[in-house]
Amino acid sequence: MGLRWLWRHRVSALLAVLLIFLLLTLLATHSLQNNRSHQLRPTADRRNQRRAADKHTPIPHQPTKHTQTGRDESRRGAQPPVVFLKTHRTGSSTVQNILFRLGERESATFAFPYRTYQFNYPERFRAAFVDELPEGSSQFDLLCSHMRLDLPQVRKVMPQNTVFITLLRDPIETFESVFRYHTSTVPAFLRAHRATTSEGKPALKVFLDSPETFWDPKEPGNGLAKNPMSFDMGLNYQKWNGSWPEDLAQLEEAFHLVMIAEHFDESLVLLGALLGLEHEDLAYLRLNTRAGNSVTELDENMRAKVRSWNVLDTLLYDFFVQVFWEKAAQFGMDRLKAEAARLRESTENIRQKCVSRAAVPPAELEDLLRPRQTETATIVGYEVRGNLSLQDQGFCVRMMLPELQYHSHLYFKQYGRDMRAG
């Protein structure tokens with residue numbers, strides 16, 4: 001009875017926020033008065049001692065020349081299987097890299113797309129999009145490639161005890177990044193780009209002045225052009241409808257942790273508690289970041305228009321921010337603050353050890369460490385420090401390895417063949 005009462009209050013709060021947005025008035029923040037009976041899912045057992053040889057094996061300059069390694073089936077079950085819903089332009093490449101490193105160390109079996117790097121995005125995920133289970137493996141342990149979520153289909157692929165996680169970011173910052181990064185691949189964005197005036201008016205401003213002029217919801221490639229996080233989460237992203245409260249309830253029930261980009265270190269601490277990870281496991285470099293001249297500055301008018309156009313993403317984000325802080329309270333706020341500080345210290349030490357230069361332009365990077373570029377955004381990378389031991393070099397290179405290179409390396413390591421073309 002208490003859960004039903006609490007949920008009715010949640011729905012009322014969401015509807016109230018929606019009306020406020022539609023009337024273009026101030027956004028109100030609603031706080032729950034009672035703690036939910038949901039508890040943070042039990043943490044996994046601490047892992048057995050890692051195999052040093054597997055952890056430190058260096059990656060050569062051509063990842064596809066690795067030989068396939070055997071799987072240590074005796075380690076199965078040390079950690080739960082994981083699905084990471086990789087949302088666009090939220091910092092998800094950084095989280096994916098953590099999971100890639102974890103999976104490689106543990107000889108995990110990855111659920112990889114049958115072709116290329118994404119599960120037939122922007123179609124909804126289907127079990128048929130996953131490559132075959134490799135010989136010698138009894139289950140998939142990690143799924144963390146781009147997809148548009150379909151929970152029943154994902155559950156057909158992953159074991160019953162799978163931990164579901166994802167990452168959300170402030171909708172204004174997310175949409176600016178999505179627009180700039182995907183201008184040439186999202187039809188609505190491309191039309192706005194082509195309509196840009198000769199006076200140098202930013203394409204994003206052109207789009208926001210009359211988004212309906214450029215956006216055709218029936219066009220398959222326009223999924224990211226409105227409420228991109230809601231689209232990735234498998235929600236109705238075009239407009240509010242009566243199924244939204246139930247859909248949010250299902251997502252809250254399914255996801256053990258929804259991380260928040262603006263509280264990234266705290267999110268990683270909660271992730272570590274779920275998966276039994278140490279600070280070294282969670283250390284990171286921010287990947288797939290743009291050069292400063294590839295970021296569009298937003299004035300208050302543009303920010304208001306982004307918020308209005310992406311009202312459902314704002315509802316989604318606000319809802320899960322509230323859920324996040326409830327989980328943080330269950331973990332213990334003082335404990336969380338202390339653990340996040342220790343994580344930052346550990347991460348900084350590893351960065352100092354590994355990174356010679358940060359924000360390196362792509363032209364100055366070797367192929368192995370050069371991130372994928374787009375026509376409208378420059379993506380910078382890292383230069384690894386010299387004079388490292390072979391073991392340290394392997395560890396450090398993995399931390400800064402771009403998504404496509406690491407994906408290709410792990411695919412070849414798992415299947416003994418190159419990835420199939422799209």
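Start at 1 with the first residue, then count along the sequence. Predicted, not measured: the structure shown is a model, and the values here were computed from it.
- Aromatic ring centres of F324 and F320 lie farther apart than the 6.0 Å criterion allows.
- For residues 345-358, every residue pair satisfying the side-chain hydrogen bond (donor to acceptor under 3.5 Å, both in side chains) rule, not counting sequence neighbours, is listed here: E348-Q352, K353-D392, S356-E383, R357-E364, R357-E383.
- W309 places a side-chain N or O within donor-acceptor distance of the main-chain N or O of A225, the cut-off being under 3.5 Å.
- A donor-acceptor pair shorter than 3.5 Å cannot be found between the side chains of T174 and S177.
- The side-chain tip of R372 does not point at the ring of Y117 from less than 6.0 angstrom away and within 45° of straight on.
- Side-chain polar atoms of Y406 and Q96 form no donor-acceptor pair below 3.5 angstrom.
- Between the side chains of D141 and Q139, at least one donor N or O lies within less than 3.5 Å of an accepting N or O.
- Around the CD atom of E219, the shell of radius 6.0 Å holds more than 12 heavy atoms that belong to other residues, nucleotides or ligands.
- Between R342 and E339 there is a salt bridge, since a side-chain N of the basic residue sits under 4.0 Å from a carboxylate O of the acidic one.
- By the 6.0 Å and 45° rule, R191 does not stack over the aromatic ring of F189.
- With hydrogens and angles ignored, the 3.5 Å screen pairs a side-chain donor or acceptor of T374 with a backbone N or O of A377.
- Salt bridge annotation for D334-K337: absent, with no cationic side-chain nitrogen under 4.0 angstrom from a carboxylate oxygen.
- Under the 3.5 Å distance criterion, with hydrogens and angles disregarded, no donor-acceptor pair is assigned to the side chains of E176 and Y181.
- With salt bridges taken as basic N to acidic carboxylate O contacts below 4.0 Å, none links D232 and R148.
- Side-chain atoms of T314 come within 3.5 Å of backbone atoms of N310 as a donor-acceptor pair (strictly under, hydrogens ignored).
- Across C144 and K86, no two heavy atoms sit closer than the pair O-CD, 3.8 Å.
- Residue-environment remark: CG (D299) exceeds the threshold of 12 foreign heavy atoms within 6.0 Å.
- In the model, H193 has no side-chain atom that pairs as donor or acceptor with a side-chain atom of S184 under 3.5 Å.
- Sorted by first and then second residue, the side-chain hydrogen bond (donor to acceptor under 3.5 Å, both in side chains) pairs involving residues 160-173 (not counting sequence neighbours) are E173-R303.
- Y415 and R420 share no donor-acceptor pair across their side chains, judged by distance under 3.5 Å alone.
- Salt bridge present: D281 and R105 bring a charged side-chain N and a carboxylate O closer than 4.0 Å.
- Defined by atom type and a distance below 3.5 Å, a donor-acceptor pair is missing between the side-chain atoms of D313 and Y237.
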